[in-house]
There are 2 protein chains.
Amino acid sequence: MRMKKISDAVVRRLPLYMRVLDEYSKTVDTPLISSQELGDRAGVSPSLVRKDLAWFGEFGKQGVGYDVEFLRNRLQVILNLDREVAVALVGVGSLGLALTRYVHRRYNDEDHFNLHVVALFDNDPNKIGANVDGIVIDSLDKIPERVRRHDIRMGLITVPAPSAQAVADLLVAAGIKAILNFAPIKVTVPEDVHVTSTDLSLEMQRLAYYSSQ
Amino acid sequence: MRMKKISDAVVRRLPLYMRVLDEYSKTVDTPLISSQELGDRAGVSPSLVRKDLAWFGEFGKQGVGYDVEFLRNRLQVILNLDREVAVALVGVGSLGLALTRYVHRRYNDEDHFNLHVVALFDNDPNKIGANVDGIVIDSLDKIPERVRRHDIRMGLITVPAPSAQAVADLLVAAGIKAILNFAPIKVTVPEDVHVTSTDLSLEMQRLAYYSSQ
DNA sequence: TAGATTGTTAATCGATTAACAATC
DNA sequence: TAGATTGTTAATCGATTAACAATC
C-alpha cells in the first residue's frame with residue numbers, strides 16, 4: 001500500500017539515521033536534532049537528510065528541528081521494525097553460525113534491534129536436529145511449514161554457491177519477500193521479492209584495486 | 001601512477017566481469033565474447049561493459065569481440081590480482097574465524113583467487129598463540145612487524161564496534177591502504193586509504209523495509 | 001566485401017546539492 | 001518579533017544508455 005516508489009538509495013540511509021538517533025539520544029540530552037547535526041553524524045548533507053525524510057511525511061518543525069524520539073519511532077515504523085521481524089537462515093556452516101550468533105547478540109543486547117533469527121535450515125543430516133543458541137536445525141523441506149508457523153519475513157542464504165538459487169526458490173515459494181544472500185552468485189527472483197547480495201569475494205577483489213601504492 | 005581517477009562504480013564491476021569470464025571459459029569453448037554476452041551474464045548493459053573496459057585500454061576487436069583469456073588477464077592485472085595479495089584479519093571471533101576459513105577455501109579451491117589471509121590478530125590472551133588453518137594468532141602490537149614482513153596489503157576488521165576505529169588506525173599506521181570493515185560503525189581514515197564497510201545490521205534493517213506485504 | 005561489434009560521443013536519466021520561501 | 005531551520009523547488013552533478021562512425 002505504498003503511494004510512490006521510494007528509491008533504494010533513500011531506503012538504504014534510513015537505518016543509518018535510526019542508528020545515529022539512538023546514539024544521539026544516549027549521549028546528548030537534547031530532545032531535538034537538526035538536519036545539519038543528523039547529517040554530520042550520518043555522513044550525508046543536511047539537504048539530503050531533509051529530502052529523504054520528506055518522502056515519508058513532515059516530521060520536523062521549521063526553526064526547531066526534529067524530535068529525536070519521535071523521528072526514531074517513525075523510522076522504525078517505516079522500516080517495519082516496530083514489531084519483531086522473524087528471520088530464517090539457510091546453511092549452517094561456519095558463516096551461517098557466525099551470523100546467527102551475531103544477530104542474536106544484537107537482538108539480546110540492544111533495545112530496539114527487532115530482527116530475530118527463529119529458524120535454521122541445513123541439508124546435512126549430521127547438523128539436522130542440532131541446537132544453536134536454542135534453535136533446532138531443520139531440513140530444507142521444513143521451510144514452508146516453519147515460515148508459516150513463525151510468520152518468517154526474511155531469509156539469509158549462507159549455503160555454497162551451487163545451492164543458492166534452489167534455496168532462494170524455496171524461500172520465495174514459502175512467501176518470503178526479503179532475502180540477504182551471502183553466496184557468491186547472482187540469484188534470480190520474481191520482481192516483488194528483494195534480494196541483496198553481500199559478496200565477500202567481489203568486495204575483496206574490488207578493494208585489491210586500491211591495495212597497491 | 002594512475003592517469004585518471006576511475007569511478008568506484010566502474011571498479012566495482014571489474015571483479016564481476018572477471019568472474020563471468022572465468023565461468024564462461026569453463027563452460028563455453030569459444031575464445032571470444034561480445035560485450036552483449038558479457039553484459040547479459042554480468043547483469044549490465046553492453047554499452048556499460050564497453051565503456052567500463054575502455055577506461056583501461058582498447059581490449060576488443062571491432063566486429064569480433066573480446067578475447068576471453070586476454071581480457072581476464074588484463075582485468076586481473078588492473079585489480080592487482082595477478083600476484084598474491086596478503087591479507088591480515090583482526091578480531092578472531094566467530095565471524096573472523098568464518099571469514100578466514102571462507103577466504104582460505106576459495107584460495108585453495110580456485111585457480112585465480114589470489115587473496116590470502118596470512119596473519120591473524122586478537123587481543124584476547126586466550127586466543128593469542130592459537131592456530132587457525134595453520135596461522136598463529138598474534139597480539140595487535142605485532143601488526144607493524146607482520147605487515148612489513150609479509151608485505152600485507154589488505155586488512156579485514158572483525159572486532160566489536162568500540163575497537164574498530166583503533167584497529168583501523170593501527171592498520172593505517174602500518175601502511176595498509178585497503179580495509180574491509182565488518183564492525184557496525186563508520187571508521188575514519190586518511191583519504192589515500194580505502195575502507196569498505198559491510199554492515200550486516202544496516203543491510204538487514206534496510207531489507208526489513210521490503211519484508212512486509 | 002558485407003556483417004558484426006567495438007570505442008566514443010551525445011542524450012538521458014536519476015540522485016545530490018543549493019537556494020529560498022514558509023513557518024515555527 | 002527576529003532567528004533558525006524545515007520542506008520543496010531549481011540547478012548541478014555523475015552515471016547509464018543510445019547512437020553511430022570506425023574498423024576488424
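Keep in mind that this is a model prediction, so the values were computed, not measured. Proteins get letters first, then strands, A, B, ... in listed order; numbering begins at 1 in each.
Aromatic ring orientation, A:Phe59 versus A:Phe70: perpendicular (interplanar angle above 60°, classes split at 30° and 60°).
Between atom CZ of residue A:Arg12 and atom CG of residue B:Leu202 there is a gap of 9.5 Å, rounded to the nearest 0.5 Å.
We find that CD of A:Gln36 is positioned 10 Å from C1' of D:dT5, with the value rounded to whole Å. Remark: C1' of C:dT16 and CZ of A:Arg12 are 16 Å apart, rounded to the nearest angstrom. Rounded to an integer number of Å, the gap from CG of B:Leu32 to P of C:dT6 is 10 Å. We find that CD of A:Glu58 is positioned 14 Å from P of C:dA22, with the value rounded to whole Å. Nucleotide C:dC24 holds its C1' atom 6 Å from the CD atom of A:Gln62, rounded to whole Å. If you take CD of A:Glu37 and P of D:dT6, they are 11 Å apart, rounded to a whole angstrom. We find that NZ of B:Lys51 is positioned 15 Å from C1' of D:dC20, with the value rounded to whole Å. A straight line from CG of A:Leu53 to C1' of D:dT8 spans 13 Å, rounded to a whole angstrom.
Each of D:dG7, D:dA15, C:dT6 was ranked by its minimum atom distance to the side chain of B:Ser7; first place goes to D:dA15. Closest approach to the A:Ala54 side chain among C:dT6, D:dG7, C:dT16 is made by D:dG7 (side chain taken as heavy atoms from C-beta onward). Distance from the side chain of A:Arg50 is smallest for C:dA19 among the nucleotides D:dT23, C:dT17, C:dA19. With C:dA22, C:dT16, D:dA22 as the candidates, the nucleotide lying closest to the side chain of A:Leu48 is C:dT16. Considering only side-chain atoms of B:Ser35, the nucleotide from C:dT16, D:dT8, C:dT6 that sits closest is C:dT6.
Checking the phosphate oxygens (OP1, OP2) of C:dT16, no side-chain nitrogen or oxygen of A:Ser45 falls inside 4.0 Å. Between A:Tyr66 and C:dC24 there is no side-chain polar atom (N or O) within less than 4.0 angstrom of OP1 or OP2.
At the heavy-atom level, B:Arg13 lies under 4.0 Å from the strands shown only through sugar-phosphate atoms. Base engagement by A:Ser47 is indicated by at least one non-hydrogen atom pair under 4.0 Å involving a base atom.
Checking A:Thr196 against B:Arg206 by side-chain atom types alone, a donor-acceptor pair falls below 3.5 Å. At a cut-off of 3.5 Å, with distance as the only test, a side-chain donor of A:Ser35 or A:Arg50 sits close to an acceptor on the other residue.
A heavy-atom distance below 4.5 Å is found between the side chains of A:Asp52 and A:Leu48.
Taking for each of A:Lys61 and B:Gly65 the nucleotide of DNA chain C with the nearest heavy atom, the 5'-most of the two is the partner of B:Gly65.
The base-pairing partner of D:dC24, taking Watson-Crick or G-U wobble contacts with both distances under 3.5 Å, is C:dG3. Under the Watson-Crick or G-U wobble criterion, with both distances below 3.5 Å, D:dA10 is paired with C:dT17.
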